[in-house]
> 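Got a structure for you, questions after.
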Amino acid sequence: MSTATIFQIHLVLGYVPWLLCFRAYIWPRLKAMDSVEAQSAIATLHSFRFFGLVFLVPGVVGGNLPATFTTFAAYGDFATGVLAMLALITARVRSLFWPLVVAFNLVGVVDILVDYYHGVQVDLGAHAGELGATYAIPIIYVPLLMITHVAAFYLLLRPRSTPARLGTAAA
């Protein structure tokens, strides 16, 4: 089996365990939280995206990894992480918090989608070995990030009502 095929299988299957885990454990808790708590939990996860700058560190990724992929991936993650941190810092100032929640989710989704696009354009699967220590990021971390972005948008768009508390039956 080629490296590109293995990488593509990893990309697709990376979503399966996270979707199962999300459905069973994370989603019920997020739905039970009030809006600010739920968005803060999601922002906390995304605040670690500053780590994406690692794509620019020589020796962590191979020198033959296309810069058209690494540069956008690094700075898109960094911007998302900083926006998520700012959302967390401003959680008590709702007029700042909500725009920052929308901003980090929009920037984060665009980052991931453009990274997938760039990955296809540069045939990232053929260069998967060049990802080096960062190989786990698109396989393990990115699926959870995308799933939580979708959840964040769903929670932003749902009607504001009193959330069902854990351990209580919904009417």
Side-chain angles (χ1 to χ4, degrees), residues 11 14-15 17-61 65 67-119 131-168:
L11 284 176
Y15 279 86
W18 277 124
L19 284 167
L20 294 170
C21 179
F22 189 83
R23 184 184 73 190
Y25 302 106
I26 301 168
W27 186 237
R29 289 188 145 338
L30 286 175
K31 287 192 314 185
M33 294 176 178
D34 80 356
S35 297
V36 173
E37 287 176 317
Q39 294 295 345
S40 293
I42 293 168
T44 300
L45 172 67
H46 288 270
S47 69
F48 287 93
R49 286 180 70 172
F50 67 86
F51 184 72
L53 287 174
V54 74
F55 283 113
L56 302 176
V57 178
V60 176
V61 295
L65 196 58
T68 55
F69 173 79
T70 58
T71 303
F72 191 89
Y75 289 114
D77 273 344
F78 181 66
T80 303
V82 169
L83 288 167
M85 288 181 219
L86 290 172
L88 290 168
I89 291 167
T90 63
R92 294 186 180 190
V93 183
R94 301 297 194 255
S95 61
L96 295 174
F97 176 74
W98 291 113
L100 287 165
V101 165
V102 171
F104 93 75
N105 280 292
L106 285 173
V107 170
V109 166
V110 168
D111 171 52
I112 292 170
L113 292 176
V114 171
D115 290 345
Y116 281 138
Y117 174 79
H118 283 153
L131 287 167
T134 67
Y135 186 91
I137 292 174
I139 305 306
I140 297 172
Y141 191 42
V142 169
L144 179 60
L145 297 175
M146 184 57 96
I147 291 165
T148 55
H149 279 310
V150 171
F153 284 123
Y154 175 83
L155 293 171
L156 282 167
L157 296 173
R158 78 176 175 179
R160 304 260 190 226
S161 63
T162 305
R165 289 287 158 204
L166 288 176
T168 61

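Only this structure's heavy atoms are used, side chains among them; waters, hydrogens and symmetry mates stay out. When a residue number appears, it is its place in the shown sequence, counting from 1. The structure presented is a predicted model; accordingly, all values stated were derived computationally and were not measured.
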> Give, for atom CG of Leu145 and atom CG of Asn105, the distance between the pair rounded to the nearest 0.5 Å.
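Those atoms lie 10.5 Å apart.
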> Provide the closest heavy-atom pair for Gly14 versus Pro143 in the form atom of the first, atom of the second, distance.
O-CB, 3.5 Å
> Which atoms form the tightest heavy-atom contact between Arg158 and Met33, and what is the distance?
NH2-O, 3.8 Å
> Quick one, Pro138 and Asp115 - any side-chain contact, counting heavy atoms below 4.5 Å?
no
> Provide the closest heavy-atom pair for Ala24 versus Pro28 in the form atom of the first, atom of the second, distance.
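Taking Ala24 first and Pro28 second, the nearest heavy atoms are O-CG, 3.7 Å.
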> Roughly how far apart are Ser35 OG and Leu155 CG, rounded to 0.5 Å?
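The CG atom of Leu155 is 7.0 Å from OG of Ser35, to the nearest 0.5 Å.
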> Atom NE2 of His46 and atom CD of Gln39: how far apart are they, to the nearest 0.5 Å?
9.5 Å
> Would you please classify the geometry between the Phe72 ring and the His118 ring as parallel, tilted or perpendicular, with 30° and 60° separating the classes?
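Plane angle over 60°, so perpendicular.
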> Could you walk me through whether Tyr154 and Trp27 satisfy the side chain to side chain contact (heavy atoms under 4.5 Å, CB included) test, starting with their C-alpha distance in whole Å, then the side-chain angles of each, then the deciding distance to 0.1 Å, before giving a yes or no?
CA-CA 11 Å; Tyr154 175 83; Trp27 186 237; 3.3 Å; yes
> Answer yes or no: is there a side-chain heavy-atom contact under 4.5 Å between Thr71 and Phe55?
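Heavy-atom side-chain distance check fails, nothing below 4.5 Å.
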> Could you work out, with ring pair (Phe, Tyr, Trp, His ring centres under 6.0 Å) as the rule, every residue matching Phe97, not counting sequence neighbours?
none
> Given Trp18, which of Thr148, Val142, Ile147 fulfils the side chain to side chain contact (heavy atoms under 4.5 Å, CB included) condition?
Ile147
> What's the spacing between Tyr116 OH and Phe69 CZ if we round to 0.5 Å?
9.5 Å
> Could you check Phe104 against Ser47 for side chain to side chain contact (heavy atoms under 4.5 Å, CB included), going step by step and ending with a plain yes or no?
CA-CA 9 Å; Phe104 93 75; Ser47 69; over 6 Å; no
> Which residues pass the ring pair (Phe, Tyr, Trp, His ring centres under 6.0 Å) test with Phe50, not counting sequence neighbours?
none
> For residues 45-57, which residue pairs qualify under salt bridge (Lys or Arg N to Asp or Glu O under 4.0 Å), counting only residues two or more places apart or in two chains?
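For residues 45-57: Arg49-Asp77, Arg49-Asp111.
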> Just wondering, do Tyr141 and Phe51 contact through their side chains at under 4.5 Å, heavy atoms?
no
> Which residues pass the side chain to side chain contact (heavy atoms under 4.5 Å, CB included) test with Leu20, sequence neighbours left out?
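Val16, Arg23.
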> Side-chain contact, heavy-atom cut-off 4.5 Å: Ile137 with Val54?
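They are in contact (side-chain heavy atoms under 4.5 Å apart), so the answer is yes.
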> In chain order, what residues pass the ring pair (Phe, Tyr, Trp, His ring centres under 6.0 Å) check against Tyr135, with sequence neighbours excluded?
Phe7, His10
> Shortest non-hydrogen contact from Leu156 to Val102?
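Nearest heavy atoms, Leu156 then Val102: CD1-CG2, 4.0 Å.
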> Might you confirm whether atom CZ of Phe153 has over 12 heavy atoms from other residues, nucleotides or ligands at distances under 6.0 Å?
yes
> Where do Phe22 and Ala151 come nearest, in terms of heavy atoms and distance?
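In terms of heavy atoms, the two residues are closest at CZ-CB, 3.5 Å.
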> Please list, one pair per line, the donor and acceptor atoms closer than 3.5 Å that link side chains of residues 78-93 to other protein atoms, with sequence neighbours excluded.
{"unit_1": "Thr80", "atom_1": "OG1", "unit_2": "Gly76", "atom_2": "O", "d": "2.8"}
{"unit_1": "Thr80", "atom_1": "OG1", "unit_2": "Gly108", "atom_2": "N", "d": "3.4"}
{"unit_1": "Thr90", "atom_1": "OG1", "unit_2": "Leu86", "atom_2": "O", "d": "3.0"}
{"unit_1": "Thr90", "atom_1": "OG1", "unit_2": "Ala87", "atom_2": "O", "d": "3.2"}

> State, to 0.1 Å, how close Val109 and His149 come at their nearest heavy-atom pair, and which atoms those are.
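Smallest heavy-atom distance, with atoms named: CG2-CB, 3.4 Å.
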